[in-house]
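What you see is a predicted model, and the numbers here were worked out from it, not measured in a lab. All chains are named by letter (A, B, ...) in the order of the sequence lines, taking the proteins before the strands, and each is independently numbered beginning at 1.
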Amino acid sequence: MINFTLNGKAVSTEAPGDTPLLWVVRDYFKLKGSKFGCGMGLCGACTMHLDGQAIRTCITPVAAIEGKSVTTIEGVSPKGAYNSIQQAWIDHSVPQCGYCQSGQIMSATALLARNPNPTDAEIDQAMQGNICRCGTYPRIKAAIKKAVSDNGSNGSSGSEVAYYTPSNQLEGGNNA
Amino acid sequence: MNEALTTRRQFLQMVGVTGGGLVVSVALPACAAPGLNFDHGAGTYFHNALIQIAPDSRIHFYNPRSEMGQGVYNGMTTLIAEELSTDPDKIEVHFAPVHEAYQSPESGMQSTGGSTSMRVFYTPMRQAAANAREALLQAAAEQLGVAKDSLTLDNGKVIAESGSYPFGDFTALAGQRPIPENAPLKPAAQFKYIGKETSRIDAPAKVDGSAMFGLDADFPGLKKAVLQRCPVAGGKVKSFDGDAVKAMPGVLAVVDIETGVAVVGEHYWQTRQAAEKLNIEWDLPELADLSTDKYFTQLRQQLTEDKGGKAHREGEGAKGLENASEVVKAEYSAPFLAHATMEPMNCTIKIDGDKADVWTSTQIPQVVQGLVARHAGLDAENVNVHSSFLGGGFGRRLYSDYVVEATKIAVASGFPIQLIWSREEDTRNDVYRPGSVARFEASVNDDGLIDTFFVKRAGANAFPAIIDSALPTLMPLGLAEWVGNRVEGVVAGFELDTTSTEGLYEDYDAPNKEARHVTVDSGLSVGFWRSVGHSFSGFFKESFIDELAHHAGVDPYEFRMNNSKKDKRFAEVIKLAATKGNWGNPRHAGATQGIAAHTSFYSRVAEVAEVSVENGNIKVHRITCAVDCGLAVNPDIVKAQMESSIIYGLTATLYGKIDIEAGQVRQSNFHDYPMLRMQEAPEIEVHIVPSQEAPTGVGEPGLPPVAAAVANAVYKATGKRLRELPLSLA
């Protein structure tokens, strides 16, 4: 039995400890907003926050999150309401197929929590782990900047965000 | 029968499939839709299969097109909204079930591809909504006792002198009156939504995780399935270690479906791990001899030895070269490519007695229905296909191999299952963009005008796979069996698949033109990949045109303008891209520029690339794009699709390559089949030619010019002419 917090609620699961968090959230807790894309931590479609950090949950065994706090796309804003990042995504018509966008928004949210006013290079660095096959990158970048300006000086600094590097992810990768 | 199958056109008319610009006309059934049963409450005005207006005034629209990112969810709804004078985001959009009422009036199929939606549905959709509007107005006039001409619609209300009334007040009466036909369409001058940059109506569901994709289908009792296939496509199971796997935790069943062994389990992860322990031995198919290196050598050899079949000829054709003082020659090649949709292939299926429900991300729900029926032994009308958003399509989801697999697993195991492909399986079991080699020979006269333009392409044909996939569902079972067993012969008998040579020769003026084709089938499954033949022909032709310009000593932009006098719209986009792209004066310091233009899916697109080369690496800074797609139903979505096609095309320009050795695909996941990431995405500026012409394609035409625009800029920077994709200076 593994206990953790999911979108603010204490939960527990009997899933085998090596099950990636992504599949626990999707299959056991039936939250379908986080997506499966690669299973190797290479595409970012599965991105959630673990104690505020953006992580690739397709390669994170659920045993590793005992006692920790997980936030998914369903937990970043109240149902039916949109935070400034989501609203910027809507205003810029960012999504095309939309499949990667939960992960994109989770990475962007973690970035702005840590760095409320990122440079272009910092946006690139924080977002380079999230692939979009529809090529929405220019709009994602524009939307992040819009969210920054909407947040104004109210943006608060949050917890540290783990930056993505492909080599790190590959070493721990699970070829499924 | 045999005679009827001898020409491609007749054959396609028979199966109701089109490609490469072939048009088969079928009227969109605008009225009755027997068998459809939508429940929006008593008194709902059931206008047709597309539009229902409920007594609560809600407008329900059953969208017949698959939304895979290209914007049809928004675009089709905008057409309806315009004629019903209602905001698009006030219309409830549903994914249409499979029914003949939703078939394309062009192809006679319920499928989405070929950048056709706005071109084909622009008028029929508006007509359907205009007829509904007319019905509401007639009912309102009768009920209110006023002249119909005194009434208008505005923002979801009927406006009369006596006040404004919700639509729902008149739906009951409208339903008792005959359905109007051919109601007048709104004049363009009155458009409130068409042509405006409204924000996408599917965006809200796609930013909070609530948008449903095929992979998100779930219900109590659903099991997961993982299928182990032969590393060489088409291999058959010889033996496997089923007993040990059956005993593993969470495993419910192990079934042999001949092309693979499936494990069915409670949860995906356990099922996946169990499937890896099957130790399957395979009977390898002939394809095990295939290597892409050998295949490309063969293509080059056959280009030399085979005359090929005629695809096009005008004037003297290639003979015109005989009179030329000098002939410019070049050979280009492009690799096999996987689609790499973000959502890997998956299919969820529940068979219950003589009925089945299927949830899958598909571009071709009609074929999905037929294939499930066929492989589960059911009547097609008892197979309910639940459409959803697609996590990318790009042509991949026109093929239904994963649906057939899921159906066989469900039948064999007796469980409702969700089959999920891993990324590795997705990369290695695709229907690939065919690898191609083309040779050009051309002459240019002293005035810098092309005199003779000759091209010969070798490679496999992309078209037959769709017939293979679709045919069994479009004919009565016995007949399908008969034809299905002969498909290979039928396909081999094709004089030409137009998707193999499309885009190689059409765009520029030349008194003598000839295009020929040498079909060389590798045995590997190949098919439609975003922009189909144009995905390689745009690179080939536009790079070669650049070579001709340099050879003639003419600026590549001027050369293109001088040689495109016949198609004014084509010349116009070249001019617009050059003007807006600052041709001759790169904005990025130290960068060089390249230009390319291409017509595909009835749209013209020109692109100027700004590129720099550092330490042998190609960096793309900026793409300026000009597009003429006729009337832009939503200019912002047109821009988004140009951005999308450019970035998708840049992945193919810089990285995309599928290699095969001993019949096995070497690439597997995003580390060895990389995608463009944010830091590599250039600035993109899109300019749309203002137009009131009929809408043309948008989802694909932005792709074909981009590789050549980049390669032409690299030539400017380095003097090296890169004639092979992906571009490499190594």
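Side chain to side chain, B:Glu680 and A:Gln128 fail the donor-acceptor criterion of an N or O pair below 3.5 Å.
B:Tyr268 has its side chain out of reach of A:Thr19: every pair of non-hydrogen atoms, C-beta onward, lies at least 4.5 Å apart.
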Determine, stepwise, if the pair A:Gln125 / B:Gln679 fulfils side-chain hydrogen bond (donor to acceptor under 3.5 Å, both in side chains). CA-CA 8 Å; A:Gln125 196 185 5; B:Gln679 75 278 13; over 6 Å; no

Worked check of salt bridge (charged side-chain N to carboxylate O under 4.0 Å, His left out) between B:Asp216 and A:Arg26: CA-CA 8 Å; B:Asp216 302 330; A:Arg26 285 184 58 89; 3.0 Å; yes

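Of all the listed residues (B:Ile637, B:Asp636, B:Ile684, B:Leu390), the one sharing the greatest number of non-hydrogen pairs under 4.5 Å with chain A is B:Asp636. For the set A:Asp91, A:Ile85, A:Ile90, the count of heavy-atom pairs under 4.5 angstrom toward chain B peaks at A:Ile90.
Rounded to the nearest 0.5 angstrom, B:Ser210 OG and A:Lys32 NZ are separated by 14.5 Å. Here the CD-CG distance, from B:Glu266 to A:Asp27, works out to 10.5 Å after rounding to the nearest 0.5 Å. Remark: B:Asp202 CG to A:Ser93 OG distance equals 8.0 Å, nearest 0.5 Å. The structure places CE of B:Met678 at 9.0 Å from SG of A:Cys132, a figure rounded to the nearest 0.5 Å. Once rounded to the nearest 0.5 Å, the distance linking CE of B:Met675 with CG of A:Leu42 reads 10.5 Å. Note that SG of A:Cys97 and CE of B:Met68 are 10.5 Å apart. Values are rounded to the nearest 0.5 Å.
Contact of A:Ser77 with chain B is not made at all, since no heavy-atom distance falls under 4.5 Å. Using a 4.5 Å cut-off between heavy atoms, B:Asn74 makes no contact with chain A at all. In this structure, chain B has heavy atoms under 4.5 Å from both the backbone and the side chain of A:Ile123.
Within residues 133-142 of chain A, the residues having any heavy atom closer than 4.5 Å to a heavy atom of chain B are A:Arg133, A:Cys134, A:Gly135, A:Tyr137, A:Pro138, A:Arg139, A:Ile140, A:Lys141, listed by residue number.
Considering only residues two or more places apart in sequence or on other chains, A:Tyr82 meets the ring pair (Phe, Tyr, Trp, His ring centres under 6.0 Å) condition with none of them.
Across all their heavy atoms, A:Tyr99 and B:Pro344 have their closest contact at OH-CD, 4.0 Å. Here the shortest heavy-atom pairing between A:Asp18 and B:Trp269 reads O-NE1, 3.3 Å. The two atoms that bring B:Glu424 and A:Met40 nearest to each other are OE2-SD, 3.5 Å, heavy atoms only.
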